[in-house]
Every structure is written in structure tokens, then in C-alpha cells.
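Reviewing the structure listed below.
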Amino acid sequence: MNRTIMNMVRSMIFFENVKLMFWGDAVKCAAYLRNRSPSNALDNKTPHEMWFGHLPSVSISEFLVPPIMP
């Protein structure tokens with residue numbers, strides 16, 4: 001899990017040209033998104049769903065992930 005999150009963070013910082021001072025925020029964003037993504041180890045359920053018993057709301061992810069500009 002740690003390697004997965006760090007790979008997500010490196011990708012976000014590298015491809016979006018974000019300063020390294022935002023590393024912590026990128027880690028929080030990656031963990032948030034990872035906890036709301038389905039996993040094969042959990043029968044295609046999310047960690048959030050297994051913990052709380054219901055599907056997570058992903059509406060806040062619109063604010064965490066910037067839109068892709070053409």
C-alpha cells in the first residue's frame with residue numbers, strides 16, 4: 001500500500017509540475033482516493049465500504065483532482 005500511494009504522489013507531482021512543498025497534501029489526496037477505489041483483495045469493494053458498510057461519496061474528489069485542460 002505504501003508503494004502504491006508513493007507512486008501516485010510522484011505521478012501527481014511530476015505530471016502537474018507541483019512544488020515539493022505540497023508533498024504532504026499530495027499524500028493525503030492519494031490516500032483519500034486509494035481508500036475510495038475498489039480492490040481485488042476485498043472482492044471489488046472499497047476499503048471505505050468495508051470499514052463503514054456503505055459506498056463512499058466521491059463528490060469531494062472533484063475538488064481534489066483538477067480538471068484536465070485541452
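Heavy atoms only: backbone and side chains are in, while hydrogens, waters and symmetry mates are out.
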- Taking C-beta and beyond as the side chain, do Tyr32 and Arg36 meet within less than 4.5 Å on heavy atoms? yes
- If we only count heavy atoms from C-beta on, is the Met8 to Val27 side-chain gap below 4.5 Å? no
- Distance-minimising heavy-atom pair for Thr46 and Asn35: CB-O, 3.8 Å
- For Arg34 and Thr4, work out which heavy atoms get closest and say how close. NE-CG2, 3.8 Å
- Kindly compute the distance separating NE2 (His48) from CG (Leu42), expressed to the nearest 0.5 Å. 13.5 Å
- Query: Are Phe14 and Met12 grouped together when hydrophobic residues (ILVMFWY) are joined by side-chain heavy atoms under 4.5 angstrom apart?
  - Reply: no
- Query: Is there side-chain contact between Val9 and Trp23, with heavy atoms separated by less than 4.5 Å?
  - Reply: yes
- Message: If you count heavy atoms of other groups shown closer than 6.0 angstrom to CG of Asp43, is the number above 12?
- Response: no
- Query: Do Ile5 and Leu20 belong to the same hydrophobic cluster, where Ile, Leu, Val, Met, Phe, Trp and Tyr are linked whenever their side-chain heavy atoms lie under 4.5 Å apart, directly or via other members?
  - Reply: yes
- Message: For Ser37 versus Pro47, what's the shortest heavy-atom pair and its separation?
- Response: O-CD, 3.5 Å
- Are Leu55 and Met50 connected in a single hydrophobic cluster, I mean Ile/Leu/Val/Met/Phe/Trp/Tyr linked by side-chain heavy atoms less than 4.5 Å apart? no
